[in-house]
Visitor: 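Here it is, the structure in full.
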Amino acid sequence: MSDRLSFATWNINSVRLRMPIVEQFIETYQPDVLCLQETKCPDANFPFAPLRKLGFEHIEINGQKGYHGVATASRRPLSNVEKRGFCDMGDSRHLAADVSFGDGYFRLHNFYVPAGGDEPDPVINDKFAHKLKFLDEMQAWLGGTEAPSIVVGDLNIAPYEEDVWSHKKLLKVVSHTPLECERFEQVRESGPFVDMMRRFVPMDEKLYTWWSYRAKDWSAADKGRRLDHVWVTPQMEPSVREIRVIRDARGWERPSDHAPVITVLECE
DNA sequence: ATGGTCGCTAAGCGA
């Protein structure tokens, strides 16, 4: 059966505060599935109604008060929902579900990897140690994935030189240190997963999904990083038609500091 | 080299 499906991943930095631009995004780009991170919303307060009104009848959430939280909203049913804990922290940073595509299904993992604090030394910075441990657990769990699978989310690492505005200036900045970038690649290769964004954008071209709130003019300064990712298992790669970073959304009213990334899948 | 801005939830922490 031929099929076409689009999904988006977006660190929304408070889903309740951001509902106006979530609605704007859905109306403009019409994704079939929307994976959100940093919902910062207890499950009891999640804005189900406006999403259902926009056609997202299937909504699965893994939230907590104040911090973190992920949600996957879909026009298609979501089955075998799984919310995995990492590092025994009680953090809400993952949700997986099966999504129908063509004659079968793929497993869609929605991740929010710890940011890792400021100091790039796991010995003196517990948050950075936690980030590295989280990657270890991701690899132990996702290594050798056989089912058609997609990993999306805010992975909080910009692994390649052109994934940041200045490779040299960010070598000691958490998100681009050699230590975590190497670990990141090991996790991806253990899948194995294909870095789909870089399949569409050459390695020598800048590619960002996040721009700090602290810049006076984020777009003019353009000091971005590619913190959000789309990985697919090799058997899914031929189905990926297109990936777009919706940079415009970073400039909308009361924006998230992350831009959404849309992926289009198609099969014959 | 430093500080710059957000969002939580009610002063400071996390990003």
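Residue numbers start from 1 in every chain, and the chains themselves are labelled A, B, ... in the order their sequence lines are given, proteins ahead of strands.
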Visitor: Answer yes if the side chains of A:Asp222 and A:Trp211 hold a donor-acceptor pair under 3.5 Å, and no otherwise.
Guide: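 There is such a pair (donor and acceptor under 3.5 Å, judged by atom type) between the side chains of A:Asp222 and A:Trp211.
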Visitor: Would you say B:dG7 has OP1 or OP2 under 4.0 Å from some side-chain N or O of A:Arg18?
Guide: yes
Visitor: Can you tell me the distance, in whole Å, between the CD atom of A:Glu253 and the P atom of B:dC6?
Guide: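 In whole Å, B:dC6 P and A:Glu253 CD are 12 Å from each other.
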Visitor: Listed in order of residue number, which residues of residues 124-137 of chain A have a non-hydrogen atom at under 4.0 Å from DNA chain B?
Guide: A:Lys127
Visitor: How many Å lie between CH2 on A:Trp218 and P on B:dG4, as a whole number?
Guide: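 So the CH2-P distance, A:Trp218 to B:dG4, works out to 22 Å.
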Visitor: May I ask you to evaluate whether A:Ser212 reaches the phosphate of B:dT5, defined as a side-chain N or O under 4.0 Å from OP1 or OP2?
Guide: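 The answer is no; no side-chain N or O of A:Ser212 sits under 4.0 Å from OP1 or OP2.
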Visitor: Any non-hydrogen side-chain atom of A:Asp154 less than 4.5 Å from a side-chain atom of A:Trp10?
Guide: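 SC-SC contact between A:Asp154 and A:Trp10 ruled out.
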Visitor: For A:Lys216 and B:dT2, give me the distance from atom NZ to atom P, rounded to whole Å.
Guide: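 Rounded to the whole Å, the gap is 17 Å.
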Visitor: For the pair A:Glu185 and A:Arg188, find out whether any cationic side-chain nitrogen is under 4.0 Å from an anionic carboxylate oxygen.
Guide: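 Looking at A:Arg188 together with A:Glu185, the answer is yes, because their closest N to O distance falls below 4.0 Å.
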Visitor: I need the CG-C1' distance between A:Asn11 and B:dC6, as an integer number of Å.
Guide: 12 Å
Visitor: Mind calculating the distance between CG (A:Asp257) and P (B:dT5) to the nearest angstrom?
Guide: 14 Å
Visitor: Mark yes or no: A:Arg226 above the aromatic ring of A:Trp210, with NZ or CZ under 6.0 Å from the six-membered ring centre and no more than 45 degrees from the axis.
Guide: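 The answer is no, since A:Arg226 fails at least one limit relative to A:Trp210.
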Visitor: Quick check: on DNA chain B, is the nucleotide nearest A:Lys40 upstream (toward 5') of the one nearest A:Tyr112, or the reverse? Name the residue that is more 5'.
Guide: A:Lys40
Visitor: Mind checking ring pair (Phe, Tyr, Trp, His ring centres under 6.0 Å) for A:His109 and listing every partner two or more places apart, or none if nothing turns up?
Guide: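 Applying ring pair (Phe, Tyr, Trp, His ring centres under 6.0 Å) to A:His109 gives A:His94, A:Trp141.
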Visitor: More than 12 foreign heavy atoms under 6.0 Å from CD of A:Glu268: is that the case here?
Guide: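 Incorrect, the count does not exceed 12.
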Visitor: What integer distance in Å separates A:Glu119:CD from B:dA15:P?
Guide: 15 Å
Visitor: For A:Arg16 and for A:Gly117, locate the closest nucleotide of DNA chain B by heavy-atom distance; then report the residue assigned to the nucleotide nearer the 5' terminus.
Guide: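 That would be A:Arg16.
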Visitor: For A:Pro47, give me all partners under side chain to side chain contact (heavy atoms under 4.5 Å, CB included), at least two apart in sequence or on another chain.
Guide: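 Only A:Val15, A:Arg16, A:Met19, A:Cys41, A:Pro50 meet the side chain to side chain contact (heavy atoms under 4.5 Å, CB included) criterion with A:Pro47.
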Visitor: Is A:Arg254 near enough to B:dC6 that one of its side-chain N or O atoms lies under 4.0 angstrom from OP1 or OP2?
Guide: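 So the side chain of A:Arg254 is outside the cut-off, no N or O lying under 4.0 Å from OP1 or OP2 of B:dC6.
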